[in-house]
Student: 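Dumping the structure here so I can ask a few things about it.
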Amino acid sequence: MCADTPDYKDTLNLPKTDFPMRAGLPKREPGWLERWNEIGVYDRLREEAGDRPPFTLHDGPPYANGHLHIGHALNKTIKDMIVRSHQMMGHDARYIPGWDCHGLPIEWKIEEQYRKKGKNKDEVPVIDFRQECRSFAEGWIGVQRDEFKRLGITGNWADPYLTMDFHAERVIAEEFQKFLMNGTLYQGSKPVMWSPVEETALAEAEVEYHDKESFTIWVKFPVTEFRLPEADVSDEEMSDEEREGIAAAKAEARDALVGAKVVIWTTTPWTIPSNKAVVFGESFSYGLYEVTGTPEECWANVGERFILADKLAAQTFAKARLEEGQWRRVRDVTSAQLAGLTLQHPLAGVEGANGEWDDARDFRAADFVTDEEGTGFVHCAPSHGMEEYELYRGLGMLDRVITYNVMDDGSFREDLPFFGGTRILKANGKEGDANKAVIDKLVEVGGLLARGKIKHSYPHSWRSKAPVIFRNTPQWFAAIDRPVGDGQDQNGKTIRERALTCIDQVKWTPKTGRNRLHSMMEGRPDWVLSRQRAWGVPLTCFVKKGARPTEPDFLLRDEKVNARILEAFEAEGADAWYKDGAKERFLGNDYDASEWVQVFDILDVWFDSGSTHAFVLRDRPDGTKDGIADVYMEGTDQHRGWFHSSLLQSVGTTGRAPYRNVVTHGFTLDEKGNKMSKSLGNTIVPEEVVKQYGADILRLWVAQADYTADQRIGPEILKGTADSYRRLRNTLRFMLGALAHFEEGDRVAREEMPELEQWVLHRLAELDEVVREGYRAFDFQHVFQQVFQFCTVDLSAYYFDIRKDALYCDGDTERRRAARTVMDLLFHRLTTWLAPVLVFTMEEVWLERFPGEQSSIHLQDMPETPADWRDPALSEKWQMVRRARRAVTAALEVQRSEKVIGASLEAAPVVHVEDEAMLAALKTVNFADLCITSDISLTGDPAPQEAFRLPEVENVGVVFERAEGQKCQRCWKILPDVGTHSHPDTCARCDEALG
RNA sequence: GGGUGUGUAGCUCAGGUGGUUAGAGCGUACGCCUGAUAAGCGUAAGGUCGGAGGUUCGAGUCCUCCCACACCCA
């Protein structure tokens, strides 16, 4: 540049904006939150909803306990993006956040506080205890609400739903009463972990495992009979010889097996009196063994025969003190033969037993038998073991195998022969006398083969540190295969039938959710509704004193009693159940209170949350018309949790599902795909991310991940997310700069625009469909990826790069006005499309252009796309143009790397186009502008040998030529006419622009 | 131990019904620009498609087994 050439920089229309390149989100986000609060965005959208179609995402309530972790953040962010995107697509999208308030973890915390103060829970009145639980939950609700809001989650935070609201407690009780009245409620029993010391049932989370030394015994169960299945000899095809052979073999086996003893091994001798069966493993190899010699002290006799798993025989005999050579294997025992055996309890027929154990024991194969330890046979006391209980429940034989031998305090019932009154554990938790009594009796009757002690991991009470036992306890169940009988049978008669039918009326995202829930529903047992706890909604019912559960008038079913309970709960909460005189109050004058027992179990908290559809969707003014939610959205673990209990509950009370869509997200893992844990030090806490990067980065991480599967998060991933954010932010910043002082009068109609602008509009029309379809399918990842790539590939690297020349250097030309019109249209679309994800940043961008106290992107809808923007023919033409451009750009790159040129404006290449259609197309556009060269020549002549070609762009050869002329000091193009105009060192265009 | 699901470049993801040298963006390296400047443009490197068998003329895509991780259950 000559010394006397003016500096033209100030005469250009350079981008002008105060929008900062760096966001400073952690500091600035709270300001926008404050602003939305002042505007009252959520409420205003509700007020202005008019006849917008409603859209309701029903919140699955988090547990009101502790600070938020990354899973909470993921969960609520997805929900928020669903709600916001539907709002902006034209719905009235409502969202009422909720909290799950009742239940064990809160009870614990309160008990823990008691222990610190040296107080005992049992000495505190229940109502006081419940009140403390309530305040505890309230405290955490406040904390979590603030933490959720900080993430930019919108919703009715002023009036959330709580499962401990009085109305909620009333509805939960009311829903329970529906099960009471329609006959699906019944009392049964089930083995649970029971602490004899505290005389209470324990949940899995309330036990801890410690090493414990236990008695271990090997017990003989005599074989009394052997019978092969009839089918074996009645086969018509069989010859007489075969028949005789089988009969002979059968007789031989019978001689060998009857009188032999099946040996079981157990570490809980006290369960032997409750034994009802023995099971074996179908695939193990078993043998018949005979004792051929014995040492001095031994409980086996010469000639005694035992059936054992071959793999475990030697070690069993060793425990019985037999030495090598004092026993021999006689023969195989096949599983078919095992199945033909009949067993007897070792105490059968013993004098003084009063026939207690005389019935034949059930004997069959089961899949929980192991051949790793023991004998290959497992003794079953289904009252004291989960696996055995499940086995016999599945067989429908529970009534034959359930015993009631063990009392609350761990003692045997008084009338149990030999052992009545003995205790498994003493009151102080130490070993009682029951095990010894059982062992002694077995020795006395010759029922024991061996004994020993073993150290093993065993569950202990978290509170008393004493060992626990498995014990069947009375519990309340909802029968899921019994006809409900409420007349709402359009989807089936029983709860299970209805649930299975309804699953197929729901849309599952991802689709695999359907099968997950379906298989669970097919296989699940009756719903155990009762918990022996204090903080929750009680099972509001009465049972007749002295009546058995099977008697028809066992349960009190009276609408008037129910109504009194509900009225009290509505006004006073479920505490009313625990107040003095509650029984008399609710039973009223119609019943003699002394004849009825008030039930004090509380409902499974899954029943609470399973009922939210009733007290939220059905009952709230901002619920839904039909009580059904458009969407339930939770983690995949909720197939067994909330999706499951909500469906069971809803189907049992309304006959249909409470949701139309079920969306699930996976779990959040660390960067390597492992579970996060404090001990591994790989946890990412939302609060930290917000502090370091801002909530928008966390939200963007959610949008970039495939949330339907497990996702990963970690320092590197967050850094990548922040990088993407910056790229996008700068693109928006450029738009803002280009739009400075844009006015309505500058607007140019589509048909007046250059084709390049029309092509951008075509892309916008395409994207509009992608965005809306994506949001409707809850597929944020696809939406964001498409929009983001559009911004980088189509805008930043192409359209913006090309139009910088016109935007900066043109005077008030139609070309420039068209470009700015497109910028404006882009602005409205990009901001609204991205607002559901980047709630803070899009507000910032929006306010930069449309400041104002009441202004907010979140009050906007996504603009409709005019039908004529879509122009497939134009699009096809411009794909061709862009292909040719790629060849030119690549050709220039060669010159650049060889230091022939720096900027592309130094070039004016000759482009040989050997395709007529392409040549014709290129001639209709300003190809030099598109390639950002000072000039370009188009020719149909065949390209010379030395021309540059791209293998993927056929029929185009580029011959490099340097641009002729001088550099225009204003627009930097190199043109021949520079210097011939009134403004020194300018080209014609710039000269005119300068006026 | 059982059931379900996931596994494609450093990162986030595309890859209808099996068919040419497996794609994109980000990041990285290098170059250009210095009028989007702690920015912008371009080029390049980078993958035994978790592993091993099998079906097929041909498999990231179908089948079997295995491995890793996760969730649910026992």
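Everything numeric here is computed off the predicted structure, so don't read it as measured data. Lettering follows sequence order; numbering is per chain, from 1.
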Student: In whole angstrom, give me the gap between the P atoms of B:G50 and B:U61.
Tutor: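 Straight-line distance between the two P atoms is 8 Å.
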Student: Of the options B:C72, B:C69, B:C26, whose atoms approach the side-chain atoms of A:Arg516 most closely?
Tutor: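 Selected nucleotide: B:C72.
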Student: How far, in whole Å, is B:G35 from B:G25 if one measures between their P atoms?
Tutor: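 One P to the other, the span is 27 Å.
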Student: Can you name the residues that form a side-chain hydrogen bond (donor to acceptor under 3.5 Å, both in side chains) with A:Trp972, not counting sequence neighbours?
Tutor: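 side-chain hydrogen bond (donor to acceptor under 3.5 Å, both in side chains) list for A:Trp972, sorted by chain: empty.
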Student: Nearest-Å distance, CG (A:Leu700) to P (B:C26)?
Tutor: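 Rounded to the whole Å, the gap is 14 Å.
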Student: Taking only the side-chain heavy atoms of A:Phe667 (C-beta and beyond), determine which of B:C71, B:C26, B:G5 contains the nearest atom.
Tutor: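 That would be B:C71.
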Student: Mind calculating the distance between CD1 (A:Ile901) and P (B:G42) to the nearest angstrom?
Tutor: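 The answer, rounded to whole Å, is 14 Å.
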Student: Atom NZ of A:Lys675 to atom P of B:U6: distance rounded to whole Å?
Tutor: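 Going from NZ in A:Lys675 over to P in B:U6 covers 19 Å.
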Student: Between P on B:C32 and CG on A:Leu905, what's the gap in Å once rounded to a whole number?
Tutor: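 Distance, rounded to whole Å: 17 Å.
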Student: Is the distance from OP1 or OP2 of B:A36 to the nearest side-chain N or O of A:Tyr808 less than 4.0 Å?
Tutor: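 Yes, within the criterion.
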Student: Would A:Trp972 pass as stacked on B:G35, i.e. its ring centre under 5.5 Å from the base's six-membered ring centre and planes under 30° apart?
Tutor: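 Yes, A:Trp972 stacks on the base of B:G35.
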Student: Whole Å only: how far is the CG atom of A:Leu892 from the P atom of B:C33?
Tutor: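 It works out to 13 Å between those atoms.
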Student: Return the value, rounded to whole Å, for the distance between atom CG of A:Asp637 and atom P of B:U4.
Tutor: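 Answer to the nearest Å: 18 Å.
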Student: Answer yes or no: does atom CD of A:Gln786 have more than 12 heavy-atom neighbours from other residues, nucleotides or ligands under 6.0 Å?
Tutor: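 It does: A:Gln786 CD has more than 12 such atoms within range.
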Student: When we call it a touch if two heavy atoms are under 4.0 Å apart, what does A:Ala709 touch: a base, just sugar-phosphate, or nothing?
Tutor: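 A:Ala709: no heavy atom of the nucleic acid under 4.0 Å.
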Student: Using a heavy-atom cut-off of under 4.0 Å over every strand shown, decide if A:Lys899 touches base, sugar-phosphate, or nothing.
Tutor: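 Touches sugar-phosphate only.
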Student: What are the two closest heavy atoms between A:Gly714 and A:Ile684, and how far apart are they?
Tutor: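 Taking A:Gly714 first and A:Ile684 second, the nearest heavy atoms are CA-CD1, 3.9 Å.
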Student: State plainly whether the residues A:Arg820 and A:Glu757 are in salt-bridge range, i.e. N to O under 4.0 Å.
Tutor: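 Salt bridge absent between A:Arg820 and A:Glu757.
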Student: Please give the distance between the P atoms of B:U20 and B:U6 as a whole number of Å.
Tutor: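 Each nucleotide's P atom is 25 Å from the other's.
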Student: Check whether the ring centres of A:Phe477 and A:Trp527 lie less than 6.0 Å apart, and answer yes or no.
Tutor: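 No; A:Trp527 has its ring centre 6.0 Å or more from that of A:Phe477.
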Student: Less than 6.0 Å separating the ring centroids of A:Phe800 and A:Phe734?
Tutor: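 Yes, the ring centres sit under 6.0 Å apart.
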Student: For B:C73 versus B:C11, give the span between their P atoms, rounded off to a whole number of Å.
Tutor: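 Here B:C73 and B:C11 have their P atoms 32 Å from each other.
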Student: What does the 5'-to-3' dot-bracket notation of RNA chain B look like when only Watson-Crick and G-U wobble pairs under 3.5 Å count, and pairs to other strands show as |?
Tutor: (((((((..((((.....[...)))).(((((.......))))).....(((((..]....)))))))))))).
Student: Does anything in residues 701-719 of chain A form a salt bridge (charged side-chain N to carboxylate O under 4.0 Å, His left out)? List the pairs, not counting sequence neighbours.
Tutor: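 Sorted pair list: A:Lys719-A:Asp723.
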Student: Mind checking the C1' distance from B:U28 to B:U64? Whole angstroms is fine.
Tutor: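 These two C1' atoms come out 40 Å apart once rounded.
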Student: Indicate the ring-plane relationship of A:Tyr632 and A:Phe643, choosing parallel, tilted or perpendicular according to the 30° and 60° boundaries.
Tutor: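 Tilted, since the angle between the ring planes falls between 30° and 60°.
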Student: Would a line drawn from the ring center of A:Phe788 to the ring center of A:Phe784 be shorter than 6.0 Å?
Tutor: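 Yes, the ring centres sit under 6.0 Å apart.
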Student: Taking the basic N atoms (NZ, or NE/NH1/NH2) and the acidic carboxylate oxygens, is any pair closer than 4.0 Å for A:Asp805 and A:Arg816?
Tutor: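 Here A:Asp805 does not pair with A:Arg816 in a salt bridge, since their nearest N and O are not under 4.0 Å apart.
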Student: Rounded to whole angstrom, note down the P distance from B:G23 over to B:U48.
Tutor: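 Rounded to whole Å, the distance is 15 Å.
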Student: May I have the distance from A:Glu522 (atom CD) to B:C73 (atom C1'), rounded to whole angstrom?
Tutor: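 Checked: the CD to C1' distance equals 16 Å.
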Student: What string of B, S and - do you get for nucleotides 7-14 of chain B, 5' to 3', when a contact is any protein heavy atom under 4.0 Å?
Tutor: ---SSSSS
Student: Have a look at A:Thr636 and say if it touches a base, only the backbone sugar-phosphate, or nothing, with a 4.0 Å heavy-atom cut-off.
Tutor: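 Sugar-phosphate contact only.
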Student: Report the residue (A:Gln789 or A:Arg640) whose heavy-atom-nearest nucleotide on RNA chain B is the more 5′ of the two.
Tutor: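 Result of the comparison: A:Gln789.
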Student: Heavy-atom count around A:Glu522 CD within 6.0 Å, excluding the residue itself: above 12?
Tutor: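 Result for CD/A:Glu522: enclosed.
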Student: When we call it a touch if two heavy atoms are under 4.0 Å apart, what does A:Arg886 touch: a base, just sugar-phosphate, or nothing?
Tutor: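 Contact class for A:Arg886: none.
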Student: Checking contacts here: which listed nucleotide (B:A36, B:C71, B:U43) is nearest the side-chain heavy atoms of A:Phe734?
Tutor: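 Nucleotide nearest to A:Phe734's side chain: B:A36.
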Student: Write out a two-atom table: protein N or O, nucleotide N or O from nucleotides 39-41 of chain B, distance below 3.5 Å.
Tutor:
| residue | atom | partner | partner atom | Å |
| --- | --- | --- | --- | --- |
| B:G40 | OP1 | A:Arg727 | NH1 | 3.1 |
| B:G40 | O3' | A:Ser796 | OG | 3.1 |
| B:G40 | O2' | A:Lys804 | NZ | 3.2 |
| B:C41 | OP1 | A:Ser796 | O | 3.4 |
| B:C41 | OP1 | A:Ser796 | OG | 2.6 |
| B:C41 | OP1 | A:Ala797 | N | 3.2 |
| B:C41 | OP2 | A:Arg727 | NH2 | 3.4 |

Student: Could you check how far CD of A:Glu893 sits from C1' of B:C30, rounded to whole Å?
Tutor: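 Taking CD of A:Glu893 and C1' of B:C30, I get 10 Å after rounding.
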Student: Among pairs that include at least one residue of residues 886-895 of chain A, which meet salt bridge (charged side-chain N to carboxylate O under 4.0 Å, His left out), considering only residues two or more places apart or in two chains?
Tutor: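 Pairs touching residues 886-895 of chain A that pass the test: A:Glu893-A:Arg896.
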Student: Say we look at B:A14 and B:G53: how far apart would their P atoms be, to the nearest angstrom?
Tutor: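 It works out to 29 Å between them.
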Student: What integer number of Å spans the P atoms of B:G60 and B:U8?
Tutor: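 Looking at atom P only, B:G60 and B:U8 are 15 Å apart.
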Student: Where each residue is assigned the nucleotide of RNA chain B containing its nearest heavy atom, which of A:Asn515 and A:Glu387 is assigned the position nearer the 5′ end?
Tutor: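 Result of the comparison: A:Asn515.
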Student: Look only at the side chain of A:Trp508 and the backbone of A:Ile503, and say whether a donor-acceptor pair between them is shorter than 3.5 Å.
Tutor: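 Looks like yes, one N/O pair under 3.5 Å.
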Student: Please state whether the phosphate of B:G35, meaning OP1 or OP2, lies under 4.0 angstrom from any side-chain nitrogen or oxygen of A:Lys9.
Tutor: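 The answer is yes; a side-chain N or O of A:Lys9 sits under 4.0 Å from OP1 or OP2.
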Student: Could you check whether A:Gly673 gets within reach of a base, just the sugar-phosphate, or nothing at all, counting any heavy atom under 4.0 Å?
Tutor: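 The answer is sugar-phosphate, as A:Gly673 gets under 4.0 Å only of primed atoms, P, OP1 or OP2.
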Student: Take the angle between the ring planes of A:Phe377 and A:Phe280 and call it parallel below 30°, perpendicular above 60°, tilted in between.
Tutor: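 Ring orientation, 0 to 90° scale: perpendicular.
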